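Because only heavy atoms are used, hydrogens play no part in the values below, and waters and symmetry mates are left out as well, while side chains stay in. What you are looking at is a predicted structure, and each value in this text was computed from that prediction instead of being measured. In listed order, ligands and their atoms are each counted from 1.
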Amino acid sequence: MQNIQNYINGSFQNPIQNKWIDNYNPSKGEVYGQIPNSTKEDVENAYKAAKSAFPKWSQTSIEERSKILIKISELIEENLDAFSQAESKDNGKPISLAKAVDIPRSASNFRFFGNAITQFASESHESIGQAINYTLRQPIGVVGCISPWNLPLYLFTWKIAPAIAAGNCVVAKPSEVTPMTAYLLGEICSEAGLPKGVLNIVHGLGSTTGQAIIEHKDIKAISFTGGTATGAHIAKIAAPMFKKLSLELGGKNPNIIFADCDYDDMLNTTVRSSFANQGQICLCGSRIFVEASIYEKFKKDFVTKVKALKVGHPAEANTNIGALVSKAHLEKVKEYIDIAKTENGTILYGGNKVTVEGFENGYYLEPTIIEVPSDECRVNQEEIFGPVVTIMPFNKEDEVLKMANKVKYGLSATLWTNNLKRTMRMSNQLQAGIVWVNTWMMRDLRTPFGGIKASGVGREGGFEALRFFTEAKNVCIKY
Ligand code: NAD
C-alpha cells in the first residue's frame, strides 16, 4: 500500500482527524493506497503556515524566487521516470504519454514562470505637467489552488508556479482521484530550497477539503480547474467574500473540417484530438463537423485509424489508450453511449468495455465514434469527457459556425482549412477562448489560456497568470 500525507509547513503530516480515503489504480481496478481526507483543521494549519511564510517570501528577491522555481523544474526532470510511473498508475494514462507530455510540461511550468517573473513589469503613466503614476503589482497573500484529475501534475503546477513566482503563499489541493504526483512534488520543493510554508498541499475530497479552502475567509484568491457545476458552486461561496477567482471549466469543443484542408495532417491530428488521454482533456475536439463533400471518405478513414488504436495496460509501450480514471467515470461515459442510441445516433465504432488480459477489473473502454442526426442531441451538447466523439456533416460555413457556437461551453475550437479569409472570418466569430487552425493543443505558455460562457472566467498563462496572482495598486505622485 502506498499511503500519502499532507505537506504542511515543509513537513509531511497525517490528517488531524485521522480520516482517510482509498486511492485506486484504474488500470487494475484496485485500491493501492490511502490518502488523507483533510478537514477544516488541516486547512487551517496549512493556512497558518502559508500566512507566516508570506512576509518573508513576498520580500524575497525575484532572482532568488526564480532560482528556486528553476531548481524545482530541474528536479522534476531528474525524476521523470518516477513521476511518469506514478502519474500513470494513479490516472490510468499510458506511461508513454505521462513521460512525453504530463511530466515534461509540469517541469516547464516551473521553468517558464521562474523566467517569466524576471520579465514581469508594470505600467507607469505620466499625467503631463501634473503627476507621475506608477502601478505596483503586489502579491495577494495566501491563495488557494484546486485542480482536477485529468492532467494531474500538469494542471496543479500550472497554478502553483505563477502563484509562488508572484510572491504568494499557497494552500493547494490536487484531485482526490489522482493525488500521487502532487504528494511527490512536496519532497522536490523541500529539496529545491522552497522555504517552509510557501507551498502547502492538503489532500481530500472536494466536499470537505476543497470546501474548507474556498470557505476560508483569509484565503484571498482561488484558482480552480474542474467541472462547470463545481465552478458555479465555488463562485457562489467565494463571491460574497470578494475573493479573486479564476475558473477554468468544462468544454464541448468543435473540430471543424473543411474539404480544402491538408487531409492527412487533419486525419492524424483528429485521431489525437479525439482520443488522447482517453479523451479526458478539456480541449479535446469532441464534436467533429465535416464538410459534406469529404464526409464519407473521412468517415471511412477515421474509423480505420481509430480501429488500429490499441487499448491496453498503460505500462505497455504500444498502448494508445489506457484506462479511464475511475469506475464512476467509466459508468458515466457508458451511459452517454446508451443515451446516443436512444437519440438515434449510430455507433460507427466502439461503444464497449474492453477486457485487458491480466487486468480484468481495469476501467477500459473502446474509443467510440458516434454519427449523430442532429447537433442538438445530448451527446452533442453535454460534456462526456471520455473517449467518445460525435460526427456529422455540414454544407455551409454559416451553418457549421452556428452549430459550433450552439453549446453552453466556449473553451476551444479547431478549424481545418487552407482558406485564409475563411480562417479569419471564422476565428473572429467562433465563441471560444482558444482557436487552433490546422493544429491542435499546440501551446505557447506565454499565450492567454481559458474559456468563455460556461467554460470559465479569467485567463491563465503568461503574464495573465501573474496579473491574476497580484493586486494592482496605482501610486500617483504630484510634481
Ligand atoms: P471536479 O469539478 O469534480 O473537481 C475538480 C477539483 O475540485 C477536485 O480537486 C475536487 O476535489 C475539487 N472540488 C470538488 N468540489 C469542491 C468544492 N465544493 N469546493 C472546492 N473544491 C471542490 O472536476 P474533475 O472531475 O476533477 O475534472 C473534470 C472536469 O475538469 C471536466 O469538466 C473538465 O472539462 C474540466 N477541466 C477543465 C480544464 C480547463 O482548463 N478549462 C482543464 C482540465 C479539466
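- Residue-to-ligand polar distances keep F385 apart from ligand 1: every N/O pair is separated by 3.5 Å or more.
- Q278 is listed as a side-chain neighbour of P94, based on a closest heavy-atom distance under 4.5 Å.
- The residue among G451, P152, G450, G226 with a heavy atom at the shortest distance from atom 35 (C) of ligand 1 is G226.
- Within ligand 1, the atoms closer than 4.0 Å to a non-hydrogen atom of L155 are 42 (C), 43 (C), numbered from 1 in the order shown.
- Residue-level proximity to ligand 1 for N150 is carried by the side chain, the only part with a heavy atom below 4.0 angstrom.
- Distance from atom 31 (C) of ligand 1 to its nearest protein heavy atom, with residue and atom name: E383 OE1, 3.5 Å.
- Checked against a 3.5 angstrom limit, the closest N/O atoms of T228 and ligand 1 fall outside it.
- No part of A229 comes within 4.0 Å of ligand 1, judged by heavy-atom distances.
- Annotation: atom 17 (C) of ligand 1 to nearest protein heavy atom, G206 O, 3.3 Å.
- Nearest protein neighbour of atom 27 (O) of ligand 1, counting heavy atoms only, is P148 CB, 3.3 Å.
- In terms of polar-atom proximity, L249 is counted as a contact of ligand 1, with an N or O under 3.5 Å from an N or O of the ligand.
- Here's the thing with Q211: one of its N/O atoms is less than 3.5 angstrom from an N/O atom of ligand 1.
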Donor-acceptor list for residues 456-468 side chains, cut-off 3.5 Å, not counting sequence neighbours:
unit_1, atom_1, unit_2, atom_2, d
R459, NH1, G451, O, 3.0
E460, OE1, W158, NE1, 2.7
E460, OE2, K159, NZ, 2.6
E460, OE2, S223, OG, 3.4

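- Test K406, R287, K402 against E376 for salt bridge (charged side-chain N to carboxylate O under 4.0 Å, His left out) and you get one pass: K406.
- Using a 4.0 Å threshold on non-hydrogen atoms, atom 24 (P) of ligand 1 counts as touching the protein.
- Residue pairs that meet the salt bridge (Lys or Arg N to Asp or Glu O under 4.0 Å) test with at least one member in residues 172-190, sequence neighbours left out, are K173-E176.
- Contact annotation: for E460 versus ligand 1, there are no heavy atoms closer than 4.0 Å.
- Separation of the Y349 and F302 ring centroids does not fall under the 6.0 Å cut-off.
- Heavy-atom proximity to atom 8 (C) of ligand 1, evaluated over S147, S455, P179, G251, is greatest for S147.
- By the criterion of a heavy-atom distance under 4.0 Å, the side chain of I214, and not its backbone, is placed next to ligand 1.
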